[in-house]
Amino acid sequence: MAIKTRFTELFGVEHPIAQGGMQWVGKAELVGAVANAGALGFLTALTQPTPEALAKEIARTREMTDKPFGVNLTILPAMTPPPYAEYRAAIIESGIKIVETAGYKPQEHVDHFKAHGVKVIHKCTAVRHALSAERMGVDAISIDGFECAGHPGEDDIPGLILIPVAAEKVKIPMIASGGFGDARGLVAALALGADGVNMGTRFCATVEAPIHENFKRAMVENDERATDLIFRTLHNTARVAKNAISQQVVAIERAGGAKFEDVADLVKGARGREGLESGDVDHGVWTAGMVQGLIHDVPTVRELVDRIVSEAEALIRGRLAGMVS
């Protein structure tokens, strides 16, 4: 039995599972393994320091797989924004045909990619944003529930509500994100109206994920309570793994009147990256979701994907079918 959905048909992949873009983690080693396992992996464009470096990482991934994979391009407001047009050009000139966009006002990026025959998945955290992206002409939506790692938005709507509400209104294929890590989540997402699932934290706890083993062990040992919401008072909420640094940030915000400058040194990206490389889980903030409570091992990517798909098929054929008389 194969689980075929609008997502698998549209993007030419075997399984309705995606590995979304993750800063510092979405590199060739992981993305190639995800593609070879029959799921859809995404390199993270801005993990690469330049558009030229991204082109080289795309080429490196192609040496590892002949199956479809994509690139994530996250657009965030910044005093000195990255050269997005140059990153787009590197993606297009490298022959990438699937892009995951996320973030702020993606219209010009969507238009440019679509003009060059690139299929676009836009990642969002609210139904209104999904509908806006649909009007922009994207091919599919990835919708993030409150459980997700990273930025869950400011509405705090969990997936059990967000996914079916979105499914009632969004006409294009949609994958569900936030809190997914096993077969039960995949089957639930399909039942709620999604066409597949997007997993981030769960793919971090795999053999091929290019992060230090200490972080993988931490995700296995942590439970579903081991996250903190930071930047709440700054209206830019982020869910990160609970550690000494995230607790400092929460304390500063709780004291009242906090500005970003008050926590900037604690949360800067370079500090988080140093921790991922050195193995010090308390060196900086690092992104992880509530799904840590469902992570009990560090398998290879193929073992993880095969397990999820086979157990999902068994759930559908067995437990669920057996409930219908």
Side-chain angles (χ1 to χ4, degrees), residues 11-13 18-76 78 80-103 106 108-123 142 150 198-200 203-204 206-213 215-216 268-279 284 286-287 300-302 305:
F11 297 106
V13 294
Q19 164 258 310
M22 295 178 284
Q23 186 74 333
W24 315 130
V25 185
K27 298 180 180 179
E29 293 85 350
L30 178 60
V31 174
V34 171
N36 286 331
L40 182 59
F42 288 92
L43 295 172
T44 307
L46 299 184
T47 288
Q48 302 303 319
T50 65
E52 293 77 16
L54 174 60
K56 290 179 181 178
E57 193 72 359
I58 292 170
R60 197 162 73 93
T61 309
R62 284 219 172 92
E63 293 174 356
M64 301 177 181
T65 185
D66 60 358
K67 294 187 176 182
F69 66 91
V71 175
N72 164 280
L73 185 64
T74 297
I75 305 103
L76 297 173
T80 306
Y84 288 119
E86 295 176 27
Y87 275 100
R88 288 200 311 266
I91 292 167
I92 293 165
E93 290 167 10
S94 296
I96 291 293
K97 294 300 180 184
I98 307 169
V99 165
E100 178 189 63
T101 56
E108 69 171 293
H109 309 284
V110 172
D111 290 346
H112 193 192
F113 286 128
K114 294 293 292 178
H116 288 83
V118 178
K119 292 185 176 75
V120 178
I121 304 173
H122 186 64
K123 191 173 184 179
S142 176
N198 180 73
M199 302 192 309
F203 275 123
C204 287
T206 58
V207 170
E208 295 89 344
I211 60 176
H212 198 282
E213 293 300 313
F215 288 83
K216 300 176 187 182
K268 62 185 180 183
R271 184 168 180 163
R273 184 178 188 177
E274 289 165 2
L276 289 172
E277 293 172 350
S278 71
W286 52 283
T287 302
T300 66
V301 165
R302 182 174 290 278
V305 172

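What you are looking at is a predicted structure, and each value in this text was computed from that prediction instead of being measured.
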Which residue is it: L30, V31, N36? I am looking for the one with a side chain to side chain contact (heavy atoms under 4.5 Å, CB included) to V34.
L30
Are side-chain heavy atoms of Q23 and T287 found at a separation under 4.5 Å?
no
I'd like to check F203 versus N198 (side-chain heavy atoms, cut-off strictly below 4.5 Å). Are they in contact?
no
Are the side chains of F113 and I91 in touch, meaning some heavy atoms are under 4.5 Å apart?
yes
Qualifying residues under salt bridge (charged side-chain N to carboxylate O under 4.0 Å, His left out), relative to K114, sequence neighbours excluded:
D139
Might you point out which heavy atoms bring A37 and V301 nearest each other, and give the distance in Å?
CB-CG1, 4.1 Å
Interatomic distance, I92 atom CD1 to K97 atom NZ [nearest 0.5 angstrom]
8.5 Å
Minimum heavy-atom distance A90-I58, with the two atoms named
O-CD1, 4.3 Å
Do H122 and V110 have side-chain heavy atoms sitting under 4.5 Å apart?
no
I'd like to check F215 versus L276 (side-chain heavy atoms, cut-off strictly below 4.5 Å). Are they in contact?
yes
Look up atom OG1 in T47 and atom CZ in R273, then write down how far apart they are to the nearest 0.5 Å.
7.5 Å
Taking side-chain contact (heavy atoms from CB on, under 4.5 Å) as the definition, give me every residue that meets it alongside T50, ordered by chain and number, with sequence neighbours left out.
E52, A53
Under the 3.5 angstrom rule, does the side chain of Q19 hit a backbone N or O of F42 as a donor-acceptor pair?
yes
What salt bridge (charged side-chain N to carboxylate O under 4.0 Å, His left out) pairs are there with at least one residue in residues 27-43, not counting sequence neighbours?
E29-R60
Tell me which pairs pass salt bridge (charged side-chain N to carboxylate O under 4.0 Å, His left out) where either residue lies in residues 62-74, with sequence neighbours left out.
none
Return the minimal non-hydrogen interatomic distance between A35 and P68, and the atom names on each side.
CB-O, 3.6 Å
Taking A33's backbone N and O only, do any of them form a donor-acceptor pair with E208's side chain (distance below 3.5 Å, no angle check)?
no
Sequence neighbours excluded, every pair satisfying ring pair (Phe, Tyr, Trp, His ring centres under 6.0 Å) that has a member inside residues 44-75:
none
Near K56 NZ, under 6.0 Å, is it more than 12 heavy atoms from other residues, nucleotides or ligands?
no
Distance-minimising heavy-atom pair for T65 and G32
CB-O, 4.0 Å
Donor-acceptor pair, R88 side chain versus H109 backbone, under 3.5 Å?
no
Student check: side-chain heavy atoms of I121 and L40 closer than 4.5 Å
yes
Under the side chain to side chain donor-acceptor pair (under 3.5 Å) rule, collect the residues that match up with T74, sequence neighbours excluded.
N72
Nearest atoms (heavy-atom pairs only) where A28 meets T61:
CB-OG1, 3.3 Å
Roughly how far apart are H112 NE2 and L73 CG, rounded to 0.5 Å?
11.5 Å
Lys/Arg N to Asp/Glu carboxylate O, E274 vs R271, below 4.0 Å:
no
Indicate yes or no for a side-chain donor-acceptor contact from K216 to the backbone of C204 under 3.5 Å, with no hydrogens or angles considered.
no
Does the pair I211 and W24 meet the rule for a side chain to side chain contact (heavy atoms under 4.5 Å, CB included), with working shown?
CA-CA 8 Å; I211 60 176; W24 315 130; 6.0 Å; no
Indicate yes or no for a side-chain donor-acceptor contact from E100 to the backbone of G21 under 3.5 Å, with no hydrogens or angles considered.
yes
Shortest non-hydrogen contact between A39 and V305, atoms and distance:
CB-CG2, 4.5 Å
